[in-house]
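Each chain gets a letter, A, B and so on, in the order its sequence line appears, and its residues count up from 1. Side chains included, hydrogens not; waters and symmetry mates left out as well; all remaining heavy atoms used.
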Amino acid sequence: MQKIAPPKSIESLLHRAHALSGRKLAEIAAECRQPIPSSQKRAKGWIGQLLELALGADGGSQALHDFLALGVELKSLPIAENGYARESTYVCTVPLTDLTGCSWSESWIARKLHRVLWIPVEAFRHQSLGERRVGQPILWQPNSWETSALQADWEELVEFIALGDVEEINGQFGQYLQIRPKAADAKARRLGINVDGYNSLTLPRGFYLRPKFTKQILDRNLYFVSE
DNA sequence: CAATGATCATCC
DNA sequence: GGATGATCATTG
């Protein structure tokens with residue numbers, strides 16, 4: 001695929017994103033010369049990567065914003081029949097060391113979520129991957145309520161990690177922001193700290209936004225996936 | 001190898 | 001049906 005240049009402005013990015021809305025993934029994939037996988041079982045990130053390609057994201061797989069120059073994060077959101085995201089939304093890796101002195105506003109997760117371009121994509125049960133339609137993009141910046149809600153969850157979670165209690169965290173922590181495993185498999189290990197403050201190996205984890213959080217973003221916007 | 005793009009698979 | 005824990009492909 002010939003890469004398209006990153007958008008030079010937010011307006012240009014939004015223009016591109018609006019041009020995708022209402023269209024089927026099959027059409028977009030054809031234009032980007034991308035084959036459609038027969039299933040997502042072995043192509044879990046396919047939609048996100050297709051949209052990156054179509055919109056000219058340049059952040060790659062590094063810990064950087066998707067649109068470097070614009071400081072914008074791109075997220076696809078699979079929309080179920082009930083209007084909720086079918087899945088939680090991965091944001092970034094959870095830091096497991098050097099937690100002391102880190103505030104919410106300085107954290108990588110807060111900076112990533114400072115500006116997000118959400119692209120809703122239909123994910124109805126009867127649909128094939130190619131026939132799923134892209135919805136209206138939503139350029140989002142957290143409002144004060146959303147910021148406080150995320151910050152509150154984050155502070156609770158990070159305190160556990162900082163005290164060496166990361167093993168006690170499970171997916172039930174956090175009203176809107178949760179921590180879940182994010183690894184090749186359950187045997188993966190990353191450096192962390194234990195209760196005695198010593199280095200120890202633990203499962204790598206990620207921050208995820210619950211569907212009840214992303215639903216509020218969807219509800220504030222007209223994103224209608226169907227025509 | 002680790003961070004990214006996420007969805008899958010199972011349990012309740 | 002929803003949520004949690006497990007997993008897959010790609011990239012720098």
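- The CZ-P distance, from A:F67 to B:dG5, rounds to 11 Å in whole Å.
- Of the side-chain N and O atoms in A:K112, one or more sit less than 4.0 angstrom from OP1 or OP2 of B:dT4.
- When rounded to the nearest whole Å, the span between CD of A:Q175 and P of C:dG2 equals 19 Å.
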Item to complete: Determine, for nucleotides 6-12 of chain B in 5'-to-3' order, which nucleotides have protein heavy atoms under 4.0 Å from the base (write B), from only the sugar-phosphate (write S), or from neither (write -).
Response: BBBS---

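- For A:L117 and B:dG5, the CG to P distance is 13 Å, given to the nearest whole Å.
- Within residues 152-163 of chain A, no residue has any heavy atom under 4.0 Å from DNA chain B.
- The CH2 atom of A:W118 sits 11 Å away from the P atom of B:dG5 (whole-angstrom rounding).
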Determine all donor-acceptor pairs shorter than 3.5 Å in which one atom belongs to a side chain in residues 39-46 of chain A; sequence neighbours excluded.
| unit_1 | atom_1 | unit_2 | atom_2 | d |
| --- | --- | --- | --- | --- |
| A:S39 | OG | A:K41 | N | 2.7 |
| A:W46 | NE1 | A:P35 | O | 3.4 |

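- Contact check for A:V72 versus A:L74: no side-chain heavy atoms found under the 4.5 Å cut-off.
- For DNA chain B, the neighbouring residues in residues 184-193 of chain A, judged by any heavy atom under 4.0 Å, are A:R190.
- A donor-acceptor contact shorter than 3.5 Å is absent between the side chain of A:D66 and the backbone of A:D58.
- Comparing A:S61 and A:R86 against DNA chain C, the residue whose closest nucleotide sits nearer the 5' end is A:R86.
- A donor atom on one side chain and an acceptor atom on the other are not found under 3.5 Å apart for A:E146 and A:Q216.
- For the OP1/OP2 pair of C:dA3 and a distance below 4.0 Å, the side-chain nitrogens and oxygens of A:N170 include no atom meeting the criterion.
- With A:P7 as the fixed residue, the side chain to side chain contact (heavy atoms under 4.5 Å, CB included) test singles out one of A:L14, A:L55, A:L13: A:L13.
- Put simply, the side chain of A:E122 never gets that close to the backbone of A:R132: no donor and acceptor are under 3.5 Å apart.
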With a 3.5 Å cut-off and sequence neighbours excluded, list the donor-acceptor pairs that the side chains of residues 152-163 of chain A form with protein atoms.
| unit_1 | atom_1 | unit_2 | atom_2 | d |
| --- | --- | --- | --- | --- |
| A:D153 | OD1 | A:Q175 | N | 3.0 |
| A:D153 | OD2 | A:Q175 | N | 3.1 |
| A:D153 | OD2 | A:Y176 | N | 2.6 |
| A:D153 | OD2 | A:L177 | N | 2.9 |
| A:E155 | OE2 | A:Q151 | NE2 | 2.8 |

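- The pair A:K24-A:E131 fails the salt-bridge criterion, with no side-chain N (NZ, NE, NH1 or NH2) lying under 4.0 Å from an Asp/Glu carboxylate O.
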Only distances under 3.5 Å count here; give the side-chain donor-acceptor pairs of residues 196-205 of chain A to other protein atoms, sequence neighbours excluded, each with its distance to 0.1 Å.
| unit_1 | atom_1 | unit_2 | atom_2 | d |
| --- | --- | --- | --- | --- |
| A:T202 | OG1 | A:E167 | OE2 | 2.7 |
| A:T202 | OG1 | A:R205 | NH2 | 2.8 |
| A:R205 | NE | A:L203 | O | 3.0 |
| A:R205 | NH2 | A:E167 | OE1 | 3.2 |

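- Donor-acceptor pairing under 3.5 Å is recorded for the side chains of A:S88 and A:R180.
- Distance alone, capped at 3.5 Å, is enough to place a donor-acceptor pair between the A:E81 side chain and the A:R125 backbone.
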